[in-house]
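Contents: one structure, followed by commentary.
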Amino acid sequence: FLFKNLFEVIRQIFRLPGLQQAETPTSSPSPTEPPPSGGGGGTVGKRVAKSFYIDREDIYVRIKLGETTKAFFNVVNNGTETLNFVVKREGLKEYITQNPRVFSLAPNEIEEVDLTITSPAEPGTYTTKITVEASGITQEIPLVIEVETAEKLFDVVIDIPLKYQEVRAGDDIRATIEITNLGEEGRVDALLTYFIKDLDNNVLFTYSETLAVDTKTSVVREIHVPDYFKPGKYILAAEVRYKNTVATSSSIITIKEKIAREKIIGIIISMIVTIVISILIYNLYNAIKHVRRKKRIKEIEEALGEKRIP
């Protein structure tokens with residue numbers, strides 16, 4: 001157990017691959033978890049009375065100012081009881097309409113929920129979440145609305161490597177931001193802004209800089225996650241503004257629970273104590289083994305000496 005904890009701390013500090021472990025079936029499937037398969041013996045694949053899942057982890061919508069678009073997701077009752085559902089918008093309610101808002105599903109039934117999304121009045125990246133509730137079970141879907149101007153002179157793409165998509169408060173996120181000039185001739189200065197938002201559309205961190213862009217420019221930035229960030233899902237977004245045009249790109253990041261310094265120190269001390277005790281036991285074992293061996297040799301020599309006496 002102690003070795004496993006120490007390995008986990010080292011893995012998280014240096015971002016090493018984790019150990020693969022078999023997952024224990026749970027009674028509350030994740031939003032993208034498929035229904036438990038039938039067949040088999042024992043409790044494997046046993047269906048829970050009240051259970052459902054959503055077929056989308058998140059919803060991204062890119063829209064131009066003044067436009068309206070649609071998105072959807074499916075809710076599946078993979079339990080054994082009929083459930084009554086309520087679909088809610090947690091924010092940006094003036095721009096989002098869900099249909100249906102309430103419905104019932106018998107076991108194995110599926111309901112498609114349609115979202116009608118109208119562009120906010122200003123370009124930018126907007127965040128919220130859609131919640132689905134039934135019989136005390138609540139699941140959330142992050143919803144990101146990227147609003148761009150009708151005219152685009154630049155395009156922007158933010159790319160976050162897999163190992164930086166899940167970090168802890170206090171860590172750094174390395175992101176590659178690629179900016180493409182779509183129409184302006186020659187090198188021009190564009191304003192790049194990157195920021196972190198929570199799912200309540202609050203800006204928690206922002207930084208802006210001016211970049212000279214000819215046809216295409218790619219920059220790598222390390223963005224520090226403040227220590228006070230709570231575990232959960234956030235949005236890391238980039239916007240490029242030039243004249244009256246705006247281009248956006250975003251990606252979801254997950255902040256995991258921070259390992260307390262005291263816990264790390266405790267694990268290291270426990271490991272040191274364990275190693276010291278193991279060494280002492282090993283040395284004691286070898287000493288006892290050596291004494292027994294000498295005693296046995298002496299007994300053999302005495303026995304041989306008695307046989308040689310006429």
Side-chain angles (χ1 to χ4, degrees), residues 25-38 45 47-148 165-166 197-202 231-237 248-255:
T26 59
S27 60
S28 298
S30 64
T32 57
E33 181 180 345
S37 58
R47 297 181 64 181
V48 181
K50 298 178 180 180
S51 177
F52 71 91
Y53 74 96
I54 302 170
D55 68 345
R56 300 281 296 272
E57 284 190 351
D58 47 62
I59 299 175
Y60 280 87
V61 174
R62 178 169 290 186
I63 189 173
K64 295 187 182 299
L65 280 174
E67 292 185 349
T68 297
T69 189
K70 289 185 177 292
F72 71 92
F73 60 89
N74 292 308
V75 180
V76 183
N77 182 352
N78 62 334
T80 59
E81 294 184 8
T82 296
L83 299 177
N84 298 316
F85 292 86
V86 178
V87 181
K88 298 179 181 179
R89 305 154 296 171
E90 296 300 316
L92 306 178
K93 296 182 179 181
E94 63 271 36
Y95 307 117
I96 304 168
T97 302
Q98 72 275 35
N99 183 44
R101 297 185 180 184
V102 295
F103 55 91
S104 298
L105 290 178
N108 298 322
E109 286 189 338
I110 303 174
E111 180 72 35
E112 180 179 288
V113 178
D114 295 317
L115 302 176
T116 302
I117 301 168
T118 302
S119 161
E122 297 293 331
T125 303
Y126 297 81
T127 62
T128 185
K129 53 193 172 186
I130 304 296
T131 61
V132 180
E133 300 176 356
S135 298
I137 305 171
T138 301
Q139 295 191 20
E140 297 179 347
I141 316 173
L143 172 60
V144 183
I145 306 173
E146 298 177 352
V147 183
E148 298 183 325
Q165 292 177 13
E166 288 192 6
K197 271 189 170 186
D198 61 19
L199 294 183
D200 294 320
N201 205 42
N202 298 312
K233 292 185 180 296
Y234 296 80
I235 306 299
L236 177 56
T248 67
S249 179
S250 61
S251 181
I252 292 178
I253 58 174
T254 300
I255 306 300

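Everything quoted here is computed from the prediction, not taken from an experiment.
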*Just wondering, more than 12 heavy atoms not from K64 lying within 6.0 Å of its NZ?*
yes
*Spell out, as yes or no, whether a donor-acceptor pair under 3.5 Å connects the side chain of N74 to the backbone of D55.*
no
*Roughly how far, to the nearest 0.5 Å, is OG1 of T128 from CD1 of I117?*
10.0 Å
_Gap separating the OG atom of S51 from the CD atom of E81, nearest 0.5 angstrom_ = 11.0 Å
*Where do S250 and I235 come nearest, in terms of heavy atoms and distance?*
CB-CG2, 3.7 Å
*Where do I110 and L105 land on the side chain to side chain contact (heavy atoms under 4.5 Å, CB included) test, with the steps shown first?*
CA-CA 7 Å; I110 303 174; L105 290 178; 5.9 Å; no
*asked:* Using modelled atom types and a 3.5 Å cut-off, is there a donor and acceptor pairing between side-chain atoms of E140 and backbone atoms of K129?
replied: no
*asked:* For S119, is there any backbone N or O sitting under 3.5 Å from a side-chain donor or acceptor partner on E67?
replied: no
_N/O donor-acceptor pair under 3.5 Å between E148 side chain and R62 backbone_ = no
*Quick one: closest heavy-atom pair of F73 and R56, and the distance?*
CB-CG, 3.6 Å
*What pair of heavy atoms forms the shortest contact from E146 to Y60, and how long is it?*
OE2-CD2, 4.1 Å
*Does a side-chain heavy-atom distance below 4.5 Å link P107 with T82?*
yes
*Under 4.5 Å between any side-chain heavy atoms of Y95 and I63, yes or no?*
no
*Taking all non-hydrogen atoms of both residues, which atom of I141 and which atom of D58 are closest, and how far apart?*
CG2-CA, 3.7 Å
*Is a side-chain donor or acceptor of T127 paired with a backbone partner of D198 at a separation under 3.5 angstrom?*
yes
*asked:* Applying side chain to side chain contact (heavy atoms under 4.5 Å, CB included) to V102 and N84, what does each step give before you reach the verdict?
replied: CA-CA 7 Å; V102 295; N84 298 316; over 6 Å; no
*Any sub-3.5 Å donor-acceptor pair from R89's side-chain atoms to I96's backbone N or O?*
yes
*Under 3.5 Å, side chain of K197 to main-chain N/O of T125, donor-acceptor pair present?*
yes
*Describe, in one word, how the ring planes of F52 and F85 are oriented to each other, choosing from parallel (under 30°), tilted (30 to 60°) and perpendicular (over 60°).*
perpendicular
*Just how far is it from atom CD of E109 to atom CG of L83, taken to the nearest 0.5 Å?*
10.5 Å
*So, for E57 and P142, which heavy atoms are closest and what is the spacing to 0.1 Å?*
O-CD, 3.2 Å
*Mind running side chain to side chain contact (heavy atoms under 4.5 Å, CB included) on I130 and Q98 for me, showing each step along the way?*
CA-CA 9 Å; I130 304 296; Q98 72 275 35; 5.9 Å; no
_Heavy-atom closest contact (L65 atom, A121 atom, distance)_ = CD2-O, 3.5 Å
*Please lay out, stage by stage, how E122 and V147 fare under the test side chain to side chain contact (heavy atoms under 4.5 Å, CB included).*
CA-CA 8 Å; E122 297 293 331; V147 183; over 6 Å; no
*Is the number of heavy atoms from other residues, nucleotides or ligands within 6.0 Å of CD (E94) greater than 12?*
yes
_Steps toward side-chain hydrogen bond (donor to acceptor under 3.5 Å, both in side chains) verdict (E90, T131)_ = CA-CA 7 Å; E90 296 300 316; T131 61; 2.9 Å; yes
_Is any side-chain heavy atom of E112 closer than 4.5 Å to one of D114?_
yes
*Nearest 0.5 Å, what's the OH-CD1 distance between Y234 and I252?*
13.0 Å
*How many angstroms lie between atom OH of Y126 and atom CG of N201, to the nearest 0.5 angstrom?*
7.5 Å
*Any donor-acceptor N or O pair under 3.5 Å, side chains S251, Q165*: no
